[in-house]
Amino acid sequence: MINAWLDNKKQTQMLLAARDHNMIQAIVSNQREQANNPFVQVTRRVLFLMITLTLCYLMIYYAMNPGIQYDVLMPIGENGSTGLFGWVFGYKSYEVVRMTGGLLLMNFMDLAFMIIGFYAVPSNK
């Protein structure tokens, strides 16, 4: 009885592995097909250039104009450590924090590099 149960479990795992392998093959073949599409290649390059040039422009603009400041609302108390619950349900009180444009841009650099890296890496690999 135990051997039959183990055999059934083994067959189930083999079926799942075969299904996953087929799904991965379908995804890879779709990505290869999309990578060869000239429209996809052109739009990836255009988006890469637009995002990169916008980031470079903002870096130069804020370096030439360091006095530009923005007022940003921040939650008061414990650095807003209520986390996701505070974001979903809202905070009780806020304060206005004055930040320069360069500081705001610096906060978004990691996100910008992820997006630029996504569009810069060739999609055929």
Side-chain angles (χ1 to χ4, degrees):
M1 188 168 168
I2 293 176
N3 285 339
W5 178 75
L6 289 174
D7 262 354
N8 186 21
K9 189 169 183 166
K10 183 179 178 183
Q11 287 178 350
T12 304
Q13 287 177 347
M14 289 174 65
L15 286 172
L16 289 174
R19 185 190 68 179
D20 291 344
H21 179 71
N22 290 339
M23 188 177 295
I24 290 172
Q25 290 294 353
I27 291 171
V28 168
S29 66
N30 184 31
Q31 286 180 346
R32 284 189 183 139
E33 181 181 312
Q34 290 293 325
N36 292 331
N37 186 352
F39 178 74
V40 171
Q41 292 176 351
V42 169
T43 54
R44 285 177 71 94
R45 288 186 179 107
V46 168
L47 286 171
F48 166 72
L49 285 174
M50 287 174 51
I51 293 170
T52 304
L53 293 176
T54 302
L55 183 64
C56 291
Y57 170 76
L58 288 173
M59 290 170 70
I60 293 169
Y61 183 76
Y62 288 133
M64 300 298 286
N65 301 303
I68 296 176
Q69 296 180 345
Y70 298 99
D71 292 334
V72 180
L73 283 176
M74 298 291 289
I76 293 178
E78 299 178 14
N79 297 327
S81 65
T82 54
L84 182 63
F85 295 113
W87 183 75
V88 172
F89 299 113
Y91 298 100
K92 293 182 180 177
S93 58
Y94 294 90
E95 65 180 334
V96 176
V97 177
R98 186 161 290 206
M99 299 176 78
T100 64
L103 184 59
L104 280 174
L105 186 64
M106 187 179 73
N107 289 333
F108 291 106
M109 288 302 283
D110 293 335
L111 175 65
F113 285 139
M114 285 189 303
I115 294 171
I116 290 170
F118 173 74
Y119 287 118
V121 173
S123 63
N124 59 358
K125 292 185 179 182

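Just the heavy atoms: all of them, side chains too, but no hydrogens, waters or symmetry mates, feed the values below. Keep in mind that this is a model prediction, so the values were computed, not measured. Heads up: numbering here begins at 1 and tracks the sequence.
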- prompt: Should side-chain heavy atoms under 4.5 Å link Ile, Leu, Val, Met, Phe, Trp and Tyr, which residues sit in the same cluster as M50?
  reply: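 V42, V46, listed by chain and number.
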For this session: Identify the two heavy atoms, one from L58 and one from L105, that lie closest to each other, and give their separation to 0.1 Å.
Result: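 What the structure gives for the nearest pair is C-CD2, 3.9 Å.
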Worksheet item: For P66 and T100, which heavy atoms make the closest approach, and how far apart are they?
Response: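 Scanning both residues, the minimum pair turns out to be O-CG2, 4.2 Å.
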From CG (L47) to CZ (F118), nearest 0.5 Å: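 Nearest 0.5 Å value for the CG-CZ distance: 9.5 Å.
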Check step by step if side-chain contact (heavy atoms from CB on, under 4.5 Å) holds for V96 and V72.
CA-CA 6 Å; V96 176; V72 180; over 6 Å; no
Next item on the list: Give the cluster check for I60 versus M106: same hydrophobic cluster or not, with ILVMFWY residues linked at side-chain heavy-atom distances below 4.5 Å.
Entry: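 I60 and M106: separate clusters.
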Does I68 belong to the same Ile/Leu/Val/Met/Phe/Trp/Tyr cluster as V97, with side-chain heavy atoms less than 4.5 Å apart forming each link?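 Linked within one cluster.
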Worksheet entry | Backbone of L49 reached by a side-chain donor or acceptor of T52 within 3.5 Å |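 Not a single qualifying donor-acceptor pair exists.
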So, using side chain to side chain donor-acceptor pair (under 3.5 Å) as the criterion, who are the partners of D71 when residues are at least two apart?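 D71 satisfies side chain to side chain donor-acceptor pair (under 3.5 Å) with R98 only.
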Could you check whether atom CE of M59 has more than 12 heavy atoms from other residues, nucleotides or ligands sitting under 6.0 Å from it?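 Result for CE/M59: open.
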**Message:** According to side chain to side chain donor-acceptor pair (under 3.5 Å), does anything in residues 55-68 pair up with another residue at least two apart or in another chain? List the pairs.
**Reply:**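 Applying side chain to side chain donor-acceptor pair (under 3.5 Å) to every pair that reaches into residues 55-68, excluding sequence neighbours, yields Y62-Y70.
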